[in-house]
K.L.:
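Take a look at this one; I'll ask things after.
Along the sequence shown, residues are numbered consecutively beginning with 1.
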Amino acid sequence: MRYGGLHILWWMSYCLFLIAATASISCAVPAGPSIRTGLWVTQKVSSDRAELDVFTNSIRANHQLAGVCLHIPWNQVEKEPGKLDFTALDNFVAALRGIGMKYQLCFKPGASTPAFVYAEGAQSFETRVMNPHRPNFGEAIAIPVPWDPIYQRNFSRVIAQLGERYGNDPLCVSVVLTCANSLSAEMHLPKTREDLAKWKALGNYEEKLLDVYKKYTDVWAKAFPRQEISLHLSKVLDLPPQFCERVIEYGLGKYPDRFSIQNCQLTGRREDTGMMTYDLVQKYRDRAHHGFQSLASLANGGERMGSIELAVLNVVHAEGEYWELWHGDGLSVETSAAVARAWEEGRRLGYDAYKKKLMSEGEYRARDEDHYRAKGTDRGNPAQTLIK
């Protein structure tokens, strides 16, 4: 009996081990195939017909592109409550349908929140544009406090309407998880000393923001049940990287097949290892769909972005599934082709061999060889400190 009991305990322990091992393996690999692959291009939706024609002709001529990221400011679509005008977006989507091109919807609140939301009583957070690379640098702006119920009621409503209109389109394969934003679709919020003091006066913003991200992960997922839900990573206020990890874990826990994380600070100036958002991609690359967006333009030998080859090294190192090019780079057949050639070579050789090749050709730069400094900064990593 004693032997039999020990045998049963051993067998139960072994079965539990197998279950745990199987679970760990299933969690280590994305549950589905890559949703987005290849080169994508960013495009702001415009009501200018001439701009639409240029865009359509450029996309049709560029066979390197796999898809288009359509950026839509909320206040462009809805100027009065409940009166949504999707004409400009419909025109761009129609053009992509005519080409058979996949697209992502990036619907932006933050500073693009319509004025009527505040008129209805939503709490605003007033600040200034601190990104020296933006044309409105220094200007006063307002964004909604992300957990304000009036803002959330209006934003949730418009997301649902977007889903009704585009959620069944097989070419619409992705949406960006926006909810607590400032000027971009990234997780950035104003964080000067004055800004942080105002956030602290609003209470426990870490837990409140976490609740916001959990809520809108579900709101976007419900409105777009077939699409990728893409979180654009960045440092949030003065919170540690673990805050982003908590958001990622929630998304992966509920939508493992289609939750995606994106680094929007890809550079070709040096290896990006050591940058918070890049390291998060590396940490979760075996569990989460993931990709990159260039920090700046590759055209004209842009110092801020760096070289195509080193950018490729960073993408290959993190096994990126897709790469979003800036508007001008993506519409340029020449630039897109150069990126595609380098990326194909990098993938074929692999990280170590491609790095050795760049070193032998004098194309590699270590972190201490990157002397670029963003406008208005004199220390630190500009890609990390930049406020978008």
K.L.:
Does a donor on one side chain sit under 3.5 Å from an acceptor on the other, for Thr192 and Asp195?
P.N.:
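Side-chain D/A pair, Thr192 to Asp195: present.
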K.L.:
Take atom CD of Glu334 as the centre, draw a 6.0 Å sphere, and report whether it contains more than 12 heavy atoms from other residues, nucleotides or ligands.
P.N.:
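Count not over threshold, so no.
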K.L.:
Going by an N to O cut-off under 4.0 Å, is there a salt bridge joining Glu228 and Arg36?
P.N.:
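Arg36 and Glu228: salt-bridged.
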K.L.:
Evaluate the ring planes of His317 and Tyr351, with Trp represented by its six-membered ring, and classify them as parallel (under 30°), tilted (30 to 60°) or perpendicular (over 60°).
P.N.:
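Aromatic pair His317/Tyr351 classed parallel.
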K.L.:
Would you check if there is a donor-acceptor pair between the side chains of Gln262 and Glu324 at a distance under 3.5 Å?
P.N.:
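Per modelled atom types, Glu324 and Gln262 side chains form a pair under 3.5 Å.
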K.L.:
With a 4.0 Å cut-off, would you call Asp218 and Lys214 a salt bridge?
P.N.:
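Lys214 and Asp218: not salt-bridged.
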K.L.:
Between Ser294 and Trp323, do the side chains contain a donor N or O and an acceptor N or O under 3.5 Å apart?
P.N.:
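A pair is found: one side chain offers a donor N or O, the other an acceptor, under 3.5 Å apart.
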K.L.:
If you count every heavy atom of other residues, nucleotides or ligands that lies below 6.0 Å from Lys44 atom NZ, does the total exceed 12?
P.N.:
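Atom NZ in Lys44 is not packed in, count stays at 12 or less.
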K.L.:
Distance from Leu295 atom CG to Arg304 atom CZ, nearest 0.5 Å?
P.N.:
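Answer rounded to 0.5 Å: 4.5 Å.
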K.L.:
Would you call Glu126 and Lys198 a salt bridge, taking side-chain N to carboxylate O under 4.0 Å as the test?
P.N.:
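So Glu126 does not pair with Lys198 through a salt bridge.
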K.L.:
Verify the distance criterion only: is there a donor paired with an acceptor across the side chains of Asn62 and Ser336 at less than 3.5 Å?
P.N.:
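Side-chain D/A pair, Asn62 to Ser336: present.
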K.L.:
Is Glu345 salt-bridged to Lys357, cutoff N-O under 4.0 Å?
P.N.:
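Here Glu345 pairs with Lys357 in a salt bridge, since their nearest N and O are under 4.0 Å apart.
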K.L.:
To the nearest 0.5 angstrom, please state how far the CD1 atom of Ile248 sits from the NZ atom of Lys283.
P.N.:
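If we round to the nearest 0.5 Å, Ile248:CD1 and Lys283:NZ are 8.5 Å apart.
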K.L.:
Report yes or no: is the cationic atom of Lys254 (NZ for Lys, CZ for Arg) closer than 6.0 Å to the six-membered ring centre of Phe259, at no more than 45° off its axis?
P.N.:
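No, Lys254 does not lie over the aromatic ring of Phe259.
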K.L.:
Does atom NZ of Lys102 have more than 12 heavy-atom neighbours, drawn from other residues, nucleotides or ligands, at distances under 6.0 Å?
P.N.:
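Not buried by this count: 12 neighbours or fewer within 6.0 Å.
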